Protein chains: 2
Amino acid sequence: MVDKPGLSKGEMTVARILWEHGPATVRTIHDAQADGQQMDFATVQTYLRRLESKGYASSVLEGKTRVYSAKTKAKTVIRKTVDELVSRLFGGQSMPLVRHLIEERGVSADELAELRLLIERLEEEGKQS
Amino acid sequence: MVDKPGLSKGEMTVARILWEHGPATVRTIHDAQADGQQMDFATVQTYLRRLESKGYASSVLEGKTRVYSAKTKAKTVIRKTVDELVSRLFGGQSMPLVRHLIEERGVSADELAELRLLIERLEEEGKQS
DNA sequence: CTTGCACAGGTACATTTGTACGTGTACGAT
DNA sequence: ATCGTACACGTACAAATGTACCTGTGCAAG
């Protein structure tokens, strides 16, 4: 796997919508934008085109509309992006970021419970390996 | 607080070294680079200059060398950057990122213990508020 | 004194990114 | 047959970014 150039912020925003909705047209994605962060139809189109040329998406002309599909899994892009960030901002340590997320941005009671379970599970695994 | 333009990746890398070392010269920062991700002396210089022009750093000429200091706290930049990322990649939800960090990138036993404490503390706080 | 380092500061420049306009065309309504 | 609508697709272009060279100058070694 040759490493494709990374995604820019705008491309990422569009990519995320693509992952969520599955195969979609420019319009679908354009309309799916969260209010307040609208980008022009043509802009979305450009991002999609770039996504495709970078190898992150593929498309087929279906009738007269082009339908784009994600070609790279969200997880892959997320991993790469997060790794990047962690390395640049925290010297490769993930804990500081985890701490930041939990402390600085709210975590609901439910999420807290989920986290607890996650941790307990990992502690178990740790013990026996 | 007018929001200054964000930091680019390169600038962030340099900014981080600046935060760690405290006031430093171009050379100090250049030499402090983790092996393998060396950037040219002049490149570091440029980033520092840009950091200053964006208002994230300040500098004084000390004798014949210029000494740069961070002007914005790491936490501020981190918050902004992470918020950005979380919003673009996870639609504003931080839990998916926390999960990713814990599951996909290793967490040592010690860190796990720390996390457990952190969670317990938050659970306590939650109960009484 | 002369030469060479070590830096500061200015300038350069190709890419990438954000953002979008304009043209051409197929299809459905008049 | 004609028009408006909805797209695809090519093109545009300024700003941001990554990356670095070049020039001048003071200091220190010869």
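All chains are named by letter (A, B, ...) in the order of the sequence lines, taking the proteins before the strands, and each is independently numbered beginning at 1. Keep in mind that what you see is a predicted model, and the values were worked out from it rather than measured.
- Remark: A:S59 pairs with A:E52, A:R66 by the side chain to side chain donor-acceptor pair (under 3.5 Å) rule, at least two apart or across chains.
- Contacts of A:R79 classified as side-chain contact (heavy atoms from CB on, under 4.5 Å), with partners at least two apart in sequence or in another chain: A:K75, A:D83, B:H100, B:E104.
- Not counting sequence neighbours, the partners of A:T81 by the side-chain contact (heavy atoms from CB on, under 4.5 Å) test are A:M12, A:V77, B:L85, B:L89.
- By the side chain to side chain donor-acceptor pair (under 3.5 Å) test, A:E114 pairs with B:R99, sequence neighbours left out.
- Rounded to whole Å, the distance from CD on A:E11 to C1' on C:dT19 is 13 Å.
- Rounded to an integer number of Å, the gap from NE2 of A:H30 to P of D:dA8 is 13 Å.
- Put simply, B:T43 has no side-chain N or O that comes within less than 4.0 Å of OP1 or OP2 on D:dG18.
- Under the rule for a salt bridge (Lys or Arg N to Asp or Glu O under 4.0 Å), the partners of B:R88 that lie at least two apart in sequence or sit in another chain are B:E84.
- Atom OH of A:Y47 is separated from atom P of C:dT17 by 9 Å (rounded to the nearest Å).
- The nearest heavy atom of DNA chain C to A:D40 and to A:G6 marks one nucleotide each, and the one closer to the 5' end goes with A:G6.
- With sequence neighbours excluded, no residue forms a side chain to side chain donor-acceptor pair (under 3.5 Å) with B:Q93.
- At least one side-chain nitrogen or oxygen of B:K54 sits closer than 4.0 Å to the OP1 or OP2 atom of D:dT17.
- Summarising the geometry, the separation between CE on B:M12 and P on D:dG18 is reported as 10 Å, rounded to the nearest angstrom.
- Here B:E111 pairs with nothing under the salt bridge (Lys or Arg N to Asp or Glu O under 4.0 Å) rule; sequence neighbours left out.
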Is there any protein nitrogen or oxygen under 3.5 Å from a nitrogen or oxygen in nucleotides 8-12 of chain C, and what are the pairs?
residue : atom : partner : partner atom : Å
C:dA8   : OP1  : B:R66   : N            : 2.9
C:dG9   : OP1  : B:R66   : NH2          : 2.8
C:dG9   : OP2  : B:R66   : NE           : 2.4
C:dG9   : OP2  : B:R66   : NH2          : 3.3
C:dG9   : N7   : B:Q45   : NE2          : 3.2
C:dT11  : O4   : B:R49   : NH1          : 3.4

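- In the displayed structure, A:K71 atom NZ is contacted under 6.0 Å by at most 12 heavy atoms of other residues, nucleotides or ligands.
- Between the P atom of C:dT16 and the OH atom of A:Y56 lies a distance of 13 Å, rounded to the nearest Å.
- Less than 4.0 Å separates DNA chain D from no heavy atom of any residue of residues 69-79 of chain A.
- Taking every side-chain heavy atom of B:S8 into account, D:dG18 is the closest of D:dG18, C:dT19, C:dG18.
- The closest side-chain heavy-atom distance from B:T46 to B:R50 is below 4.5 Å.
- Atoms CG (A:L48) and P (C:dT19) sit 16 Å apart, rounded to a whole Å.
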Collect all protein-nucleotide pairs involving nucleotides 2-4 of chain D in which both atoms are nitrogen or oxygen and the distance is under 3.5 Å.
none

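- Side chain of A:H30 to backbone of A:M39: a donor-acceptor contact under 3.5 angstrom is found.
- Take A:A74 and apply the side-chain contact (heavy atoms from CB on, under 4.5 Å) test, not counting sequence neighbours, and it matches A:W19, A:I78.
- Remark: C1' of C:dT17 and CD of B:E84 are 14 Å apart, rounded to the nearest angstrom.
- Within the structure, every pair that satisfies the salt bridge (charged side-chain N to carboxylate O under 4.0 Å, His left out) test and touches residues 12-34 of chain B, not counting sequence neighbours, is listed here: B:R16-B:E20.
- If you measure from atom CG of A:L7 to atom P of C:dT15, you get 20 Å, rounded to the nearest angstrom.
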